[in-house]
2 protein chains.
Amino acid sequence: MRIGQLARSVGVDTQTIRFYERQGLLPPPDRQENGYRVYNEKHGERLAFIRRCRILDLSLAEIHELQRHQDDPHQSCTAVNALLDDHISHVRSQIAALQALEKQLVSLRASCNDDREVEACGVLAGISEGSIHPQQAEASTR
Amino acid sequence: MRIGQLARSVGVDTQTIRFYERQGLLPPPDRQENGYRVYNEKHGERLAFIRRCRILDLSLAEIHELQRHQDDPHQSCTAVNALLDDHISHVRSQIAALQALEKQLVSLRASCNDDREVEACGVLAGISEGSIHPQQAEASTR
DNA sequence: TTAAAACTATATAGTCGCTATAAGGTCAAT
DNA sequence: ATTGACCTTATAGCGACTATATAGTTTTAA
Ligand SMILES: [Zn+2]
Ligand SMILES: [Zn+2]
Ligand SMILES: [Zn+2]
Ligand SMILES: [Zn+2]
């Protein structure tokens, strides 16, 4: 199986596959005489695993760590579960930060209707005043 | 006022101020004979405006557009309000995507307790199976 | 058979909003 | 005279790709 076929089967770009290889997430496959990469089923499974982790918004570093644990199958899975717990709490604090942000934005928006000159725009005035305060800065983290 | 003092007064790094200048968000200030930047109050207000926009998670491009409107004060503010509406809906779809993600993660986490070998870890098994589906991909957008 | 299309390879730069580092010039105080 | 705090520019790094450039290879079709 060459790179294009693998890419299509998993639904990623070929560049992404090479990128994961450079990052050490996907083991370097054998090469044909012409230098083309040749993949087997293991590679396909590994790649699909990575993609499913990415759908869960796990970082490449987190995926790396999961792989380390997978390769040591008789250890306790406590660390794996803990990794997921941490990830869940990251997601939750992102949600909280975004909800607080939404609140600020909605109240800002409420301070203007559409029939004003820019000069009198409630939105611009609201930003220009000091009534906006920094949050946990978790919304922008990532 | 030199760059360090301005930076301290607004709570940013001097690098950030030079960065905004390069991006065209902050007008190039006058220079002393030795090349040092000299800022006035207008610069301070402009910079504070940028920072408050950033707290609201507006992109530099969006801030740029707001500035264009500010510099044309007798136009209608409809576009400003619309920009904010768009931004609010971006934030809302990010929240929705993250909430869906949280749900997936929590259910995945529920499939394992801490007393297993990695081999039998419900979390890893859950990821390895095909039961994970892509979302709107809004959580990772940004 | 040959030419075009489709595929593969590497290397490099761009995205976003900073942040960090390097290597140097300027200024005040000791 | 030297330390230290400040300023300058230029360059690289973050994360997770994505895009482009350039070139070599294989497959398909005229
Ligand atoms: Zn995480
Ligand atoms: Zn308005
Ligand atoms: Zn926006
Ligand atoms: Zn487990």
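Throughout, a chain's letter reflects where its sequence line sits, starting with A, and its residues are numbered from 1. Only this structure's heavy atoms are used, side chains among them; waters, hydrogens and symmetry mates stay out.
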Atom CG of residue position B/Asp30 - does it have more than 12 heavy atoms of other residues, nucleotides or ligands inside 6.0 Å?
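Not buried by this count: 12 neighbours or fewer within 6.0 Å.
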
Check each residue of residues 30-49 of chain A for a non-hydrogen atom within less than 4.0 Å of any atom in DNA chain D, then write out the ones that pass by number, or none.
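Within residues 30-49 of chain A, the residues near DNA chain D are A/Asn34, A/Tyr36.
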
Please list, in numerical order, the residues of residues 3-25 of chain B that have a heavy atom closer than 4.0 Å to any atom of DNA chain D.
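Of all residues in residues 3-25 of chain B, the ones placing a heavy atom under 4.0 Å from DNA chain D are B/Ile3, B/Gly4, B/Arg18.
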
Degree of bending, the helix from C/dT1-D/dA30 to C/dT30-D/dA1 (end axes from five pairs; round to 10°)
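End axes: 30° apart.
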
Whole angstrom value for the distance that separates C1' of D/dC17 from CG of A/Leu60:
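Computing the A/Leu60:CG to D/dC17:C1' distance gives 9 Å.
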
If you take all heavy atoms of A/Cys121 and B/Asn81, which pair is closest and at what distance?
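Smallest interatomic distance, heavy atoms only, reads SG-OD1, 3.7 Å.
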
Residue pair A/Ile132 / B/Arg52: nearest heavy atoms and the distance that separates them:
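What the structure gives for the nearest pair is CG2-O, 3.9 Å.
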
Listed partners of B/His43 passing ring-ring contact (aromatic ring centres under 6.0 Å, His included), at least two apart:
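ring-ring contact (aromatic ring centres under 6.0 Å, His included) check on B/His43 returns B/Tyr39.
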
Any residue meeting side chain to side chain contact (heavy atoms under 4.5 Å, CB included) with [X], in chain and number order, not counting sequence neighbours:
X        : result
B/His133 : none
A/Tyr20  : A/Thr16, A/Leu25, A/Leu26, A/Leu47, A/Ile50, A/Arg51, A/Arg54, A/Leu60
B/Asp86  : none

Test item: B/Glu62 side-chain N/O and B/Ser59 main-chain N/O as donor-acceptor pair under 3.5 Å:
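Side chain of B/Glu62 to backbone of B/Ser59, a donor-acceptor pair under 3.5 Å: yes, one is there.
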
Can you tell me if A/Thr14 uses its side chain to pair, donor with acceptor, with the backbone of A/Gly4 under 3.5 Å?
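Checking the backbone N and O of A/Gly4 against the side chain of A/Thr14, no donor-acceptor pair under 3.5 Å is found.
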
Could I get the full list of side-chain hydrogen bond (donor to acceptor under 3.5 Å, both in side chains) partners for [X], not counting sequence neighbours?
X        : result
A/Glu119 : none
A/Glu102 : B/Arg92
A/Ser131 : none
A/Glu21  : A/Arg37

On DNA chain D, does the nearest nucleotide to B/Arg2 precede the nearest nucleotide to A/Arg51 from the 5' side, or the other way round? Give the residue.
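Between the two, 5'-proximity favours B/Arg2.
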
Could you list where the contact with chain B starts and ends along DNA chain C, reading 5' to 3', using a 4.0 Å heavy-atom cut-off?
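Footprint of chain B along DNA chain C, 5' to 3': C/dG17 to C/dC27.
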
